[in-house]
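Remarks on the structure that follows.
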Amino acid sequence: MKQKISAIILVMAGIVLIQACAPNQYAGTNRSYKKQVKAYANLLREYPVKDSAGLQQPGSWVGTTNFSMRRPNYVIIHHTAQNSCEQTLKTFTLPRTQVSSHYVICKDGTVHHMLNDLLRGHHAGVSKWGNATDINSSSIGIEIDNNGFETFTEAQVNSLLTVLDRLKKAYNIPVANFIGHADIAPGRKVDPNRNFPWQKLSEQGFGYWYDTANVQVPVDFNAMQALRIVGYDIKNDTNAIQSFKLHFVQNDSTKLITEGDKKILADLIRKYQ
Ligand SMILES: [Zn+2]
């Protein structure tokens, strides 16, 4: 019996050894990540701190004793518009693409963490939500493997909910601030696609949903102003309506506000304002 256990341990040790020796496809990019993080760590170590405007007088630096790291305040959800998770991992590890996200969720539910939550990813691009701009600086980006037209797998949604739960608790992210790329970049982005389960997310406390059962729409109701109150950039009406429909009225691919949409918006603005 003892011999059998020893044999099993030996085999297991062998497996561990083989795994440890297996060439890691991403060893090079992991080294590059470490190098870049080290450069930022050195920036934080700088003492005395150089004023961002370069106007600091000698001796004027007084280090406070009370501070912490800046925290993300939004979560932006994307679909990758690529054909596989492997393709996305490759895209996010090629310096020439200059795009990245903090998390990538594969069809089987595997979650790849690619960037420390406290660092700025390159996933949002030119974007606006309410008065917030440079959303890369204040958000976590989550990319879900999906070619842009597919439904999202149950495993992906389950993994996503786990990640969202952790992020919400870790950084105290408000319910309203779980949104999609299309929400913050109308006319430029359409992800996540209309199959994305926003209502299900909302039921778990990530993003708002609506209940139009007892909603009376005021006669002077202005749908575009309501979209603005929710957060949409209404510079272009049609683009803003398209993004709103992708999120809240997913079975309607027109870019027209209906009486039903007005009811939805009348209910939503009560939550957002
Ligand atoms: Zn996106």
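Note that ligands are numbered from 1 as they come in the structure, with each ligand's atoms numbered from 1 the same way. Throughout, residue positions are numbered sequentially from 1 according to the sequence presented.
Between F248 and W209, the distance from one ring center to the other falls under 6.0 angstrom. Taking the six-membered ring wherever Trp is involved, the centroid distance between the rings of H123 and H78 falls below 6.0 Å.
Angle ND1 (H78) to the Zn ion (ligand 1) to OD2 (D191): 100°, rounded to 10°.
With respect to the salt-bridge test (charged N to carboxylate O, under 4.0 angstrom), the residues D233 and K235 qualify.
With respect to T91, the side chain to side chain donor-acceptor pair (under 3.5 Å) criterion is satisfied by exactly one of E143, Q82, E86: Q82.
Looking only at N/O/S atoms, H181 comes nearest to the Zn ion (ligand 1) through ND1.
Among the atoms of H79, no N, O or S atom falls under 2.8 Å of the Zn ion (ligand 1).
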